[in-house]
Structure formats: C-alpha cells, structure tokens
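Residues take their numbers from the sequence shown, with the count starting at 1.
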Amino acid sequence: MALLTALVAFVYHLPQVYKWLLKPYYLASTFMALVFLLVRKCPGICENLPSQREDGNSCDFDWREVEILMFLSAIVMMKNRRAST
C-alpha cells in the first residue's frame, strides 16, 4: 500500500515536476552535459580533440576531467543529502 501511495503521489505531482524541470537553465545544463559526453566518446569527433593523456588517446577522459566529474558528483550528493533532511 505504501508503494501504491508513493506512486499515486508522484503521478499527481508530475505536472509540477515537469514545469520545474523545463526551465531553460535545466534544459541547457542537460544539453551541454550530453553534448560533452557525446563529443568525448564519439569516435569520429574525439580523434581531433586535444588530449593531455600520456597514451595520446583523446577518446577517453583524462585525469583532470575525471577529478572534476568526481568533485561535482560529490557536491551534488552532499546537496541532495542536505535537502532531504
């Protein structure tokens, strides 16, 4: 019953969630994140990108990009943990 209640509440508030997520800020951020991943991993495009990797493989993330992604994911995790309490 608790699962059904949560599902009904989610469906009930879905239009408000869509209204919140369809703001230009969230759309642009999502678009830029997806384009970054697509450009970095697409074999035809990533071969022409500069890379600071020792092996010269520009289709993989270098250490600096991995550090940035880990730092940002830790910040998002901390914000979400703080927001739920």
Side-chain angles (χ1 to χ4, degrees):
M1 187 67 182
L3 184 63
L4 186 61
T5 305
L7 182 64
V8 169
F10 177 74
V11 171
Y12 178 75
H13 293 290
L14 202 56
Q16 294 171 349
V17 171
Y18 281 145
K19 190 187 305 182
W20 179 65
L21 287 177
L22 290 178
K23 292 184 179 179
Y25 169 78
Y26 295 109
L27 291 175
S29 294
T30 304
F31 175 73
M32 287 188 291
L34 292 175
V35 167
F36 172 75
L37 292 173
L38 181 72
V39 166
R40 183 50 90 180
K41 292 297 182 180
C42 186
I45 301 171
C46 69
E47 294 165 354
N48 300 323
L49 294 175
S51 177
Q52 296 177 357
R53 290 178 54 97
E54 294 174 359
D55 61 357
N57 184 6
S58 61
C59 292
D60 275 336
F61 296 118
D62 60 1
W63 184 248
R64 183 178 46 89
E65 291 169 340
V66 172
E67 281 182 346
I68 292 169
L69 291 173
M70 288 297 177
F71 176 73
L72 290 175
S73 60
I75 295 296
V76 168
M77 247 183 354
M78 287 188 299
K79 283 185 76 173
N80 286 338
R81 186 172 182 158
R82 225 181 281 153
S84 65
T85 59

Are the side chains of Met32 and Phe36 in contact, using a 4.5 Å heavy-atom criterion?
no

Tell me every residue that passes side chain to side chain contact (heavy atoms under 4.5 Å, CB included) with Leu37, counting only those two or more places apart in sequence or in another chain.
Phe61

All side chain to side chain contact (heavy atoms under 4.5 Å, CB included) counterparts of Met77, not counting sequence neighbours:
none

Between atom CG of Leu69 and atom CZ of Arg64, what is the distance when rounded to the nearest 0.5 Å?
10.5 Å

Scan residues 22-31 for pairs that pass side chain to side chain donor-acceptor pair (under 3.5 Å), counting only residues two or more places apart or in two chains.
none

Disulfide (SG to SG under 2.5 Å): which pairs involve residues 44-76, sequence neighbours left out?
Cys46-Cys59

Only counting residues at least two apart or in another chain, list the ones meeting side chain to side chain donor-acceptor pair (under 3.5 Å) with Asp55.
Arg53

Can you name the residues that form a side chain to side chain contact (heavy atoms under 4.5 Å, CB included) with Val76, not counting sequence neighbours?
Asn80

Where at least one partner belongs to residues 32-41, residue pairs that pass salt bridge (Lys or Arg N to Asp or Glu O under 4.0 Å), sequence neighbours excluded:
Arg40-Glu65, Lys41-Asp60

Hits for side chain to side chain contact (heavy atoms under 4.5 Å, CB included) against Leu72, two or more places apart or cross-chain, chain-then-number order -> Ile68

